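Worksheet: one structure, shown below.
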Amino acid sequence: MPFVPEQTISYPALAARLAALPPSCGPVRLVAVDGPSGAGKSTFAPLLAAALAGRAGGAVPLVRSDDFRVPWDADPLTWWEPLRAAVLEPLSRGVPGRLRRYDWRTGSTGPEEEIPAAPVLVVEGVGAAWRGSPAACRIWVDAPRALRRARALARDGADWADAWEGWSEREARHFAADRTRDRADLLVDGACVAAPAIGVTGVREPFMDRSKNSRETLSRAAGGDQSRRRP
């Protein structure tokens, strides 16, 4: 189904749509933030989690692919099975997950922490929105390749240029085989994710319908009919 063009949306407005979606992993709405290296995912995801937390009045957990050991020459989905076993499988049963986040600077894992079965979980990284993800919403973040490469090398250092090129090729093959972008509910312009208004290059009409219908259902259940208000 084609994307419906949409120019901008604020983080709070997007959070409202996401919070209204039906749960997808037990009682949890998994929001998957995917896209190529350097696209802006690691900037976008915490800003979105903060907006969701502001709406919920409590913390919204964020788990990244960088919380797992994924070498430069590895399959981009190397982190998925550890994520599934430690976090997603328990959440699907309505119980907290347990995670020891990997620290790339020290090459060690941190203390075990609880990932609660909160209403929303944000998962960010290459592969977050693949076809096997129990996502309520799949968000694709992208930016021009030159910008992505410059960001990655500024973050990791010029010595990693060859490694980044190899990773870029592997992730491109993964995305093509999985058709990740084609499956996305929302396309985000990673060149401007730090701005108050998110640049959106496309949004799936079914995503707009699901979030709108869920908001109306929740409103009626609470005793107030908002069906005539704008989404």
Side-chain angles (χ1 to χ4, degrees), residues 1-4 14 17-42 44-45 48-49 52 61-94 97 99 115 117 119-143 145 148 166-190 200-211 213-214:
M1 186 169 292
F3 290 99
V4 176
L14 178 56
R17 287 193 179 277
L18 295 173
L21 291 173
S24 61
C25 182
V28 179
R29 296 153 183 82
L30 192 158
V31 178
V33 179
D34 209 331
S37 174
K41 302 184 301 297
S42 61
F44 173 81
L48 178 59
L52 286 161
L62 168 62
V63 179
R64 309 170 182 269
S65 59
D66 281 350
D67 293 332
F68 302 85
R69 187 177 183 276
V70 183
W72 280 105
D73 58 354
D75 184 320
L77 286 178
T78 296
W79 64 290
W80 189 263
E81 177 55 27
L83 170 71
R84 187 203 64 77
V87 178
L88 301 185
E89 196 280 328
L91 293 183
S92 72
R93 295 184 283 111
L99 178 63
I115 306 298
V120 183
L121 166 69
V122 179
V123 177
E124 176 267 316
V126 173
W130 78 295
R131 63 181 177 274
S133 173
C137 179
R138 289 171 161 81
I139 300 176
W140 174 265
V141 183
D142 207 347
R145 190 180 190 280
R148 294 192 292 102
W167 174 265
S168 181
E169 292 176 4
R170 278 188 296 281
E171 69 181 9
R173 289 195 295 269
H174 159 74
F175 290 140
D178 183 66
R179 298 184 63 191
T180 313
R181 184 186 182 279
D182 294 342
R183 196 180 295 109
D185 297 296
L186 196 69
L187 304 181
V188 171
D189 181 1
V200 175
T201 58
V203 58
R204 293 280 186 195
E205 193 166 4
F207 166 62
M208 299 173 70
D209 292 341
R210 289 200 314 273
S211 58
N213 292 339
S214 296

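All values derive from a computational prediction rather than experimental measurement. Index from 1, following the sequence.
The side-chain hydrogen bond (donor to acceptor under 3.5 Å, both in side chains) contacts involving residues 69-78 comprise nothing, where partners must be two or more places apart or lie in separate chains. Applying the salt bridge (Lys or Arg N to Asp or Glu O under 4.0 Å) test to pairs two or more places apart or on separate chains, those with a residue in residues 122-132 are Arg64-Glu124, Arg131-Asp178.
Summarising the geometry of Ala32 relative to Ala128, their closest heavy-atom pair is CB-O, 3.3 Å, with the distance given to 0.1 Å. When all heavy atoms of Gly127 and Phe175 are compared, the pair lying nearest together is N-CE2, 4.5 Å.
For Glu81, the side chain to side chain contact (heavy atoms under 4.5 Å, CB included) partners at least two apart in sequence or on another chain are Arg84, Ala85. Listed by chain and residue number, Trp79 satisfy the side chain to side chain contact (heavy atoms under 4.5 Å, CB included) test with Ser65 (two or more places apart in sequence, or in another chain). Ala117 is linked by a side chain to side chain contact (heavy atoms under 4.5 Å, CB included) to Pro27, Val28, Leu91, counting only residues two or more places apart in sequence or in another chain. Shown here are the side-chain hydrogen bond (donor to acceptor under 3.5 Å, both in side chains) partners of Trp167, two or more places apart in sequence or in another chain: Glu171. Partners of Arg173 by side chain to side chain contact (heavy atoms under 4.5 Å, CB included), not counting sequence neighbours, listed by chain and number: Glu169, Arg170. Every side-chain hydrogen bond (donor to acceptor under 3.5 Å, both in side chains) that Ser37 has, sequence neighbours left out, goes to Trp164.
Separating the OG atom in Ser133 from the CG atom in Leu83 is a distance of 8.5 Å, to the nearest 0.5 Å. Note: Ile139 CD1 to Leu187 CG = 10.5 Å, rounded to the nearest 0.5 Å. For the atom pair Thr180 OG1 and Arg183 CZ, the distance stands at 6.0 Å (nearest 0.5 Å).
Leu14 is listed as a side-chain neighbour of Leu186, based on a closest heavy-atom distance under 4.5 Å. Two residues are said to be in side-chain contact when any heavy atoms from C-beta on lie closer than 4.5 Å; Pro36 and Asp142 meet this criterion. In this structure, Pro134 and Leu88 have side chains that are in contact, with non-hydrogen atoms separated by less than 4.5 Å. Within the 4.5 Å cutoff, no side-chain heavy atoms of Arg138 are placed close to those of Asp34. Residues Leu21 and Cys137 form a side-chain contact, since some pair of their non-hydrogen atoms from C-beta on lies under 4.5 Å apart.
With Arg29 contributing its side chain and Ala136 its backbone, the two residues share no donor-acceptor pair below 3.5 Å.
Within 6.0 Å of the CZ atom in Arg179, the count of heavy atoms belonging to other residues, nucleotides or ligands does not exceed 12.
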Check: Step by step, would you call Trp140 with Asp182 a side chain to side chain contact (heavy atoms under 4.5 Å, CB included)?
Finding: CA-CA 9 Å; Trp140 174 265; Asp182 294 342; over 6 Å; no

Next item on the list: Determine, step by step, whether Val126 and Val70 satisfy the side chain to side chain contact (heavy atoms under 4.5 Å, CB included) criterion, reporting the C-alpha distance in whole Å, the side-chain angles of both residues, the deciding distance to 0.1 Å, and the verdict.
Entry: CA-CA 11 Å; Val126 173; Val70 183; over 6 Å; no

Check: Would Leu18 and Val120 count as a side chain to side chain contact (heavy atoms under 4.5 Å, CB included) if you check the C-alpha gap in whole Å, the side-chain angles of each, and the deciding distance to 0.1 Å?
Finding: CA-CA 8 Å; Leu18 295 173; Val120 183; 5.7 Å; no

